[in-house]
Amino acid sequence: EVQLVESGGGLVQAGGSLRLSCVASGFSFDDYAIAWIRQLPGKEREGHSCVGTTDGRYADSVKGRFTISSDKSKNMVYLQMNSLKPEDTAIYYCVATEIEYSDYVCSHPDYWGQGTQVTVSS
């Protein structure tokens with residue numbers, strides 16, 4: 001069974017940093033594409049937005065501030081967030097899909113974690 005569990009969210013002041021972690025189980029990193037997506041407050045009707053993927057794709061809004069990394073030996077994926085802004089406030093999800101559908105990992109993920117709240121105060 002594929003499982004994704006996020007941790008590391010919290011409240012931080014603007015300009016600060018947070019590192020989110022995602023522990024993955026039930027699949028091999030070589031067989032799945034993994035990404036971080038976020039749900040902005042009050043934007044539920046617009047759906048979620050892509051933050052970035054483990055193969056190096058990032059949303060323009062986070063480029064240069066956020067970095068995604070992974071540790072296959074620990075089945076972990078990380079999202080390092082620096083220079084946080086109030087508009088980064090969101091629920092962050094770790095998501096995955098089979099590698100052959102990697103282009104769609106953000107838009108149509110097959111598996112979701114439970115999400116972790118990040119709140120950036122001004």
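FYI, side chains are in, hydrogens and waters are out, and symmetry mates aren't considered; it's all heavy atoms of this structure.
- Panel note: side chain Tyr92, backbone Val51; no donor-acceptor pair is recorded below 3.5 Å.
- Cluster annotation: Tyr58 and Tyr93 are assigned to distinct hydrophobic clusters (Ile/Leu/Val/Met/Phe/Trp/Tyr, side-chain heavy-atom contacts under 4.5 Å, transitive).
- Nearest heavy-atom pair across Ser121 and Leu11 is CB-CD1, 4.3 Å.
- The number of heavy atoms from other shown groups lying within 6.0 Å of CD (Glu100) is above 12.
- Of all heavy-atom pairs between Ser61 and Arg38, the closest is OG-NH2, 3.4 Å.
- For the atom pair OH (Tyr101) and OG (Ser107), the distance works out to 13.0 Å, reported to the nearest 0.5 Å.
- Residues His48 and Trp36 keep their aromatic ring centres 6.0 Å or farther apart.
- Here the CG atom belonging to Leu40 is positioned 10.0 Å from the CD atom belonging to Glu87, to the nearest 0.5 angstrom.
- Under the 4.5 Å side-chain contact rule for hydrophobic residues, Val95 and Met81 do not share a cluster.
- Expressed to the nearest 0.5 Å, how far CD1 of Ile37 lies from CD1 of Ile91 amounts to 11.0 Å.
- Rounded to the nearest 0.5 Å, atoms CZ (Arg65) and CD (Gln80) are 12.0 Å apart.
- Contact check for Tyr78 versus Met76: side-chain heavy atoms found under the 4.5 Å cut-off.
- Not one N or O on the side chain of Thr97 forms a donor-acceptor pair closer than 3.5 Å with the backbone of Val105.
- Annotation for Ser122 and Pro86: closest pair CB-CG, 3.8 Å, computed over non-hydrogen atoms.
- Asp60 pairs by the salt bridge (Lys or Arg N to Asp or Glu O under 4.0 Å) definition with Lys63, not counting sequence neighbours.
- Going from atom CD1 of Ile68 over to atom OG1 of Thr53 covers 6.0 Å, rounded to the nearest 0.5 Å.
- With contacts defined as side-chain heavy-atom distances shorter than 4.5 Å, the pair Val118/Asp88 does not qualify.
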Donor-acceptor list for residues 17-34 side chains, cut-off 3.5 Å, not counting sequence neighbours:
{"residue": "Ser17", "atom": "OG", "partner": "Asn82", "partner atom": "OD1", "Å": "2.9"}
{"residue": "Ser28", "atom": "OG", "partner": "Asp30", "partner atom": "N", "Å": "3.2"}
{"residue": "Asp30", "atom": "OD1", "partner": "Lys72", "partner atom": "NZ", "Å": "2.8"}

Distance-only check: which donor-acceptor pairs under 3.5 Å involve side-chain atoms of residues 1-8, not counting sequence neighbours?
{"residue": "Glu6", "atom": "OE1", "partner": "Gln114", "partner atom": "N", "Å": "3.0"}
{"residue": "Glu6", "atom": "OE1", "partner": "Gly115", "partner atom": "N", "Å": "2.9"}
{"residue": "Glu6", "atom": "OE2", "partner": "Cys94", "partner atom": "N", "Å": "2.7"}
{"residue": "Glu6", "atom": "OE2", "partner": "Gly115", "partner atom": "N", "Å": "3.3"}

